[in-house]
Structures are given as structure tokens and as C-alpha cells.
Amino acid sequence: MTDILFTPDALSARWGIATQTLSQWRWSSKGPKYLKMGKRILYPLKEVEAFETKMLRLNTTEVKAY
């Protein structure tokens, strides 16, 4: 089975955030898990979806660390 992989550009488009934000999250271990293949950064779909699920909120007062 082949997993779908997102580049930082594709993931930033999906989430509407800057690629620099993803870079900062990688540096600080706040974002989704990723693969580093040489200089390429790739985000597996299952890790993207797991991160999205983790970020779900019921209200604005919930506080969760990335």
C-alpha cells in the first residue's frame, strides 16, 4: 500500500498557513510527524490526519499543547 505524502508547499496550501510556520513547527517539534529524505521533507497523510484530529476543539477555552 502506498501512502499519500505532502510536501511542505502542499500541506501549507491544505491548511492555509505559511511554509515557514511548518518549518518552525519542525524545529520545535510542534507539528505533525514527517519524513526527511535527504533534503526533502514529506508529511504522510496518516500523520497529517492524526495531527488534525489532535487539534480538534469543542470550544475556545480548551488549551492543548501541540
Side-chain angles (χ1 to χ4, degrees):
M1 178 166 71
T2 304
D3 196 7
I4 296 171
L5 301 171
F6 289 91
T7 63
D9 287 336
L11 187 55
S12 70
R14 176 182 173 117
W15 287 347
I17 62 174
T19 55
Q20 184 61 31
T21 300
L22 293 172
S23 177
Q24 290 171 351
W25 286 358
R26 286 191 305 273
W27 185 82
S28 61
S29 301
K30 290 185 177 182
K33 293 180 183 178
Y34 62 93
L35 300 169
K36 185 164 185 182
M37 308 294 279
K39 292 184 178 185
R40 291 188 68 197
I41 302 293
L42 300 168
Y43 295 90
L45 175 60
K46 65 182 178 180
E47 298 300 337
V48 169
E49 291 176 334
F51 184 77
E52 289 171 343
T53 298
K54 182 176 151 184
M55 298 307 291
L56 288 173
R57 302 287 185 266
L58 284 174
N59 57 56
T60 59
T61 59
E62 281 187 75
V63 177
K64 283 189 178 179
Y66 295 74

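One-based numbering along the sequence shown.
- The one candidate from Trp25, Phe6, Tyr43 that meets the ring pair (Phe, Tyr, Trp, His ring centres under 6.0 Å) condition with Phe51 is Trp25.
- Distance check, rounded to the nearest 0.5 Å: CD of Glu47 to CD of Glu49 gives 10.0 Å.
- Thr7 and Asp9 are not linked by any side-chain donor-acceptor pair at a separation below 3.5 angstrom, with hydrogens and angles left out of the test.
- With rounding to the nearest 0.5 angstrom, the CG atom of Asp3 is 8.5 Å from the CG atom of Leu35.
- Shown here for Pro8 and Arg26, the closest heavy-atom pair between the two residues is CG-NH1, 4.1 Å.
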- request: List the steps, then state whether side chain to side chain contact (heavy atoms under 4.5 Å, CB included) holds for Ser12 with Thr21.
  value: CA-CA 8 Å; Ser12 70; Thr21 300; over 6 Å; no
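- Remark: Leu22 CG to Ile17 CD1 distance equals 4.0 Å, nearest 0.5 Å.
- For the side-chain contact (heavy atoms from CB on, under 4.5 Å) with Val48, the qualifying choice from Leu5, Ile4, Leu11 is Leu11, the only one to do so.
- Other residues, nucleotides and ligands contribute only 12 or fewer heavy atoms inside 6.0 Å of the CZ atom of Arg40.
- Both Leu45 and Tyr34 belong to a common hydrophobic cluster when Ile, Leu, Val, Met, Phe, Trp and Tyr are linked at side-chain heavy-atom distances under 4.5 angstrom.
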